[in-house]
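Take a look at the structure set out below.
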Amino acid sequence: MSLYVPPGYTIRAADPRDLDALYTIAADTFFLESITPEMLAEKLFDDRRHDEFRWVVYVAEHKGRVAGFMQGVSRPAQRKAWMGLFGVAAVDRRRGLARALYAHIANCWPLDTAEVEALAIPCNYLLPGLDPRYTEALCLLESLGFQRFTDCVNMGVELNEPFPVEGPIAELAGKGVQIRRATPADRGLLDAFFEKSFGDSWRYEAELTFRNDPPSLHLAFRDERVIAFSAHSTQNREWGFFGPMGTTPECRGLGVGRVLLWLCLNDLRDAGQPTAVIPWVGPISFYHRWANCRVERVFWRYRRTLTQQVS
Ligand SMILES: CC(C)(COP(=O)(O)OP(=O)(O)OC[C@H]1O[C@@H](n2cnc3c(N)ncnc32)[C@H](O)[C@@H]1OP(=O)(O)O)[C@@H](O)C(=O)NCCC(=O)NCCS
């Protein structure tokens, strides 16, 4: 089936060699973000979990000049898809390019895909939803039939002083809780912990911390079993990205989460980050109370129910 393309333009699959041109468009169009080419490459071409997710990026060209792009991701086992990052150069707007790019990514999704969400791709997202100040993008999503279903926030924190972890770690030791950085030898324990407590998505994110040296994962143990974890720098490292973190329900209230949060923020500070981002929160008052994090961004989450393939 051939899909509509506005006259004078061509649409084709992108590949990593297009990165410079894609970055030029992204740097212009994502005017609220400060992103690097490395971050864009991570978002568009680091197809994490390629056993479960299918990634495509389409690019629109006008006489050999890149005019726009859109990313599409699907997870067939979940019958779900994502419209990832997208942008069209200012001179090429309102000619139907974004609509045509959407038809191309949607055409790659399995026919039984039930729902598509904007932007919030698990384990590899720049933004966990649409910042409504991207007003043209909001208009586009609504014209494509997406509906806003909830919102979420990113918090931010300045990393001026290190958090005082020694005292609380000693106190917890008195209660039989040990805190330490993870090592690759912990993988077996992590499998058991995540299987019981937080599921395979967070298990996968914990695994990504072993790409960093030292691993950007801190653990709490009781009776040699993992009871809590906190991670950072699994993506968007340039922004000082924190998370995920979690404490098993029966161990909440001991003060474990606070220390694990502080250890990650101290790591980021030691690495030279002036600020950290706590994305897609979650327990706002916990982060505000223990690290004075503040709500910095608000995102609207959009999704669209699919009854049949879009064209
Ligand atoms: C959003 C964006 C991709 C739209 O690209 P585009 O090629 O101009 O979009 P299209 O021409 O395909 O528009 C399709 C429909 O979307 C809606 N739309 C798009 N831009 C709009 C605008 N400025 N005002 C009102 N509606 C708009 C319209 O309904 C339009 O259909 P119509 O022209 O028949 O009325 C482009 O404005 C852009 O790059 N914005 C900045 C990037 C961005 O915000 N990305 C998301 C954040 S990561």
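We count ligands from 1, going down the list as the structure has it; atoms in each ligand are counted the same way.
Among R95, E142, E136, R99, the residue whose heavy atom lies nearest to atom 30 (C) of ligand 1 is R99.
The protein atom (non-hydrogen) at minimum distance from atom 29 (O) of ligand 1 is S143 CB, 3.1 Å. The protein heavy-atom contact nearest to atom 41 (C) of ligand 1 is R93 NH2, 3.5 Å. Looking only at protein heavy atoms, the nearest one to atom 39 (O) of ligand 1 is V88 N, 2.7 Å. Of all protein heavy atoms, the one closest to atom 13 (O) of ligand 1 is L140 CD1, 4.1 Å. In this structure, atom 33 (O) of ligand 1 lies nearest to the protein heavy atom R94 NH2, 3.2 Å. Closest to atom 4 (C) of ligand 1 among all protein heavy atoms lies A98 CB, 3.8 Å.
Of all the atoms in ligand 1, the ones that sit under 4.0 Å from a non-hydrogen atom of L97 are 7 (O), 11 (O), 12 (O). Interface of G87 with ligand 1, defined as ligand atoms under 4.0 Å from a residue heavy atom, comprises 39 (O). Ligand 1 places these atoms under 4.0 Å from at least one heavy atom of T29: 39 (O), 41 (C), 42 (C). Ligand 1 places these atoms under 4.0 Å from at least one heavy atom of F30: 45 (N), 48 (S).
Looking at Y134 next to ligand 1, no N or O pair under 3.5 Å apart turns up. Considering both main-chain and side-chain atoms, C139 never comes within under 3.5 Å of ligand 1 through any nitrogen or oxygen pair. Residue-to-ligand polar distances place F86 within reach of ligand 1: an N/O pair is separated by less than 3.5 Å. Taking only nitrogen or oxygen atoms, main chain and side chain alike, D92 does not reach within less than 3.5 Å of ligand 1. Ligand 1 has an N or O atom lying under 3.5 Å from an N or O atom of G96, backbone or side chain.
The residues R304 and E115 are annotated as not salt-bridged, no charged nitrogen and carboxylate oxygen being separated by less than 4.0 angstrom. Between D191 and K196, no side-chain nitrogen of the basic residue sits less than 4.0 Å from a carboxylate oxygen of the acidic one, so the salt-bridge criterion is not met.
Ring centers of Y204 and F194: at least 6.0 Å apart, outside the cut-off. Y134 has its ring centre less than 6.0 Å from the ring centre of F31.
In terms of heavy atoms, H104 sits closest to I11 at CD2-CG2, 3.6 Å.
The protein does not reach atom 2 (C) of ligand 1 closely, with no heavy atom under 4.0 angstrom from it.
A cation-pi contact, defined as under 6.0 Å to the ring centre and within 45° of the axis, links R187 to F210. Cation-pi check for R148 over Y302 is not met; the charged atom does not lie both under 6.0 angstrom from the ring centroid and within 45 degrees of its normal.
Between the side chains of E38 and Y23, no donor-acceptor pair of N or O atoms lies under 3.5 Å.
Using cut-offs of 30° and 60° on the angle between ring planes, the pair Y9 and H62 is tilted. Below 30°, between 30° and 60°, or above 60°: for H232 and H218 the angle between ring planes is below 30°, a parallel geometry.
By the 4.5 Å heavy-atom criterion applied to side chains, W109 and R54 are not counted as neighbours.
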